[in-house]
2 protein chains.
Amino acid sequence: MATKTAAQRREQARIDYDAFLRSCPSHQLLGRLSDKWVSLVIAALSTGPERYSDLGRRIPGVSPKMLTQTVRTLERDGIVSRTVTPSVPVRVDYELTPLGRSLAGLLTAVKDWAETHFEEVRTAREAYDRENPA
Amino acid sequence: MATKTAAQRREQARIDYDAFLRSCPSHQLLGRLSDKWVSLVIAALSTGPERYSDLGRRIPGVSPKMLTQTVRTLERDGIVSRTVTPSVPVRVDYELTPLGRSLAGLLTAVKDWAETHFEEVRTAREAYDRENPA
DNA sequence: CGGCATCCTCGGCGATACTG
DNA sequence: CAGTATCGCCGAGGATGCCG
């Protein structure tokens, strides 16, 4: 068939989107921040440096794998720094870089927003659920 | 065996985490915002009301399903409003509520941060990749 | 046009076990 | 202690088709 299917058109859109992402820094970083654990790790580090296992304990439900993965990408992006102390046993500390601290400030603002407006959201949800009974 | 395995301990942690989430509004909303499309939809609406299909076009790569899903939860949370004009064909407009607009301001701040600091991030990535080949 | 139900895939993530 | 390697599952999300 000569005419494109909806799927083909959307795939084209995906390609365009990738190109768009490559040329659009902000969306790239925005996407990174949308990761479930990223905000939690940054929040956990915003009060000061933390060891690997302490981090794991402060973020309930995270697996070692995801913790490492998250912390790695954040290190790569220059958001956190990783310090290895070659004692026995080894000790590894993670800490927000200045860059990371500036970002943490913004996330804190979002968190504060969530706290102040949660009541409104809850009310809105209840109203919505009342009007749209399952 | 009487002693708990690591998995059991983490599952317990998950349960604790769920309870924590239920009692901790900010993390609940934070989680919601971590959704990939949420920030994009809010960003797309921050410049003004938009029709359903226009939204879809302004957010490359989104499927109708996800667009609807995202926009629904945002409506439920009182972040966006949905206006149906029962003409033929139907016309549906989405718009940020005042609540949504206050949130959009914060997300814009994050976006601005991303734009200002993207160079630093890029540099950090290159340095990291140079030191950690493959 | 806008939207929902259904099916199906595919990769993210958790569990487990092993190393420096 | 701080990871890495491997496997397997499950559910988010894309494709498709049908309604108001």
Side-chain angles (χ1 to χ4, degrees), chain A residues 1 4-15 17-18 31-32 34-38 40-41 49-76 80-95 132 134, chain B residues 1 4-15 17-18 31-32 34-38 40-41 49-76 80-95 132 134:
Chain A
M1 62 189 78
K4 293 176 181 170
T5 67
Q8 285 172 325
R9 264 181 275 112
R10 255 212 312 291
E11 194 195 344
Q12 181 57 45
R14 247 208 80 245
I15 295 172
Y17 182 63
D18 286 348
R32 179 62 46 90
S34 312
D35 184 82
K36 181 183 177 185
W37 302 111
V38 165
L40 295 175
V41 167
E50 210 80 46
R51 300 185 54 169
Y52 179 85
S53 43
D54 288 337
L55 258 184
R57 247 169 274 119
R58 289 195 48 172
I59 306 177
V62 73
S63 65
K65 179 181 178 180
M66 290 320 293
L67 183 55
T68 299
Q69 191 176 111
T70 305
V71 114
R72 274 289 116 82
T73 68
L74 289 177
E75 186 197 1
R76 190 174 106 101
V80 308
S81 64
R82 179 170 174 274
T83 314
V84 181
T85 309
S87 55
V88 176
V90 195
R91 173 197 177 98
V92 180
D93 286 87
Y94 291 94
E95 183 178 8
N132 304 58
Chain B
M1 63 185 74
K4 292 176 181 171
T5 67
Q8 286 173 326
R9 263 179 276 113
R10 255 213 313 289
E11 194 195 343
Q12 181 57 45
R14 248 209 80 245
I15 295 172
Y17 182 64
D18 286 348
R32 181 60 47 88
S34 308
D35 184 80
K36 181 183 177 183
W37 301 112
V38 166
L40 295 175
V41 167
E50 209 80 44
R51 299 185 54 169
Y52 179 84
S53 42
D54 288 337
L55 258 185
R57 248 170 272 120
R58 289 195 49 171
I59 306 178
V62 72
S63 65
K65 179 182 178 181
M66 291 320 293
L67 183 55
T68 298
Q69 192 177 109
T70 304
V71 116
R72 271 295 111 82
T73 67
L74 289 177
E75 186 198 0
R76 190 174 105 101
V80 309
S81 64
R82 179 170 175 272
T83 314
V84 181
T85 309
S87 54
V88 176
V90 195
R91 174 199 177 96
V92 180
D93 286 86
Y94 291 94
E95 182 177 8
N132 304 58

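Letters A, B, ... are given to chains in the order of the sequence lines, protein chains preceding strands, and every chain is numbered from 1. Remember, it's a predicted structure, so these values are computed and weren't measured experimentally.
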In this structure, OG1 of B:T70 is separated from CZ of B:R32 (nearest 0.5 Å) by 10.0 Å
Nucleotide D:dG3, atom C1' - distance to CG of A:L55 in whole Å: 14 Å
Would you say that B:I59 contacts B:W37 through its side chain, given a criterion of any heavy-atom pair below 4.5 Å between the two side chains? yes
Distance, rounded to the nearest Å, where B:L67 contributes CG and D:dG13 contributes P: 13 Å
Drop me the distance from A:R58's CZ to A:L40's CG, to the nearest 0.5 angstrom. 11.0 Å
Between C:dG3, D:dA2, D:dT4, which nucleotide gets closest to the side-chain atoms of A:V92? D:dA2
Please check the phosphate of C:dG2 (OP1 and OP2 only) for any side-chain N or O of B:S53 closer than 4.0 Å. yes
Any side-chain N or O of A:R82 under 4.0 Å from OP1/OP2 of D:dG3? yes
Expressed as a whole number of angstroms, how long is the span from B:N132:CG to D:dG3:C1'? 14 Å
Distance check: side-chain N/O of B:Y52 vs OP1/OP2 of C:dC4, anything under 4.0 Å? no
All heavy atoms of A:K36 vs all of B:S34, minimum pair found to be CA-CB, 4.5 Å
Closest-nucleotide mapping onto DNA chain D: is B:K65 or A:D54 further toward the 5' terminus? I mean the 5' end. A:D54
Please determine whether a side-chain nitrogen or oxygen atom of A:R57 lies at a distance below 4.0 Å from atom OP1 or OP2 of D:dC1. no
Rounded to whole Å, CD1 of A:I59 lies from P of C:dC13 at a distance of 14 Å
Against the side chain of A:R72, the closest entry in C:dC1, D:dC1, D:dG3 is D:dG3
Using rotation axes that map the C1' atoms of four end pairs onto the next four (five pairs an end), what angle separates the end axes of the helix from C:dC1-D:dG20 to C:dG20-D:dC1, to 10°? 50°
Below 4.0 angstrom from OP1 or OP2 of C:dC1, is there any side-chain N or O of B:R51? no
Side chain of A:M66 only, heavy atoms from C-beta on: which candidate in D:dG14, D:dT4, C:dG14 is closest? C:dG14
Judged by atom type as modelled, is there a donor-acceptor pair below 3.5 Å linking the side chain of B:S87 to the main-chain atoms of B:P89? yes
For DNA chain C, whose closest nucleotide is more 5', that of A:Q69 or that of A:V90? A:Q69
Does any non-hydrogen side-chain atom of B:V71 lie less than 4.5 Å from one of B:Y52? no
Tell me, please, which residues at least two apart from B:R51 pass salt bridge (charged side-chain N to carboxylate O under 4.0 Å, His left out). none
Atom-to-atom span, CG of A:D93 to P of D:dG3 - whole angstrom: 10 Å
Please report the distance, rounded to the nearest Å, between CG in B:D35 and C1' in D:dA12. 10 Å
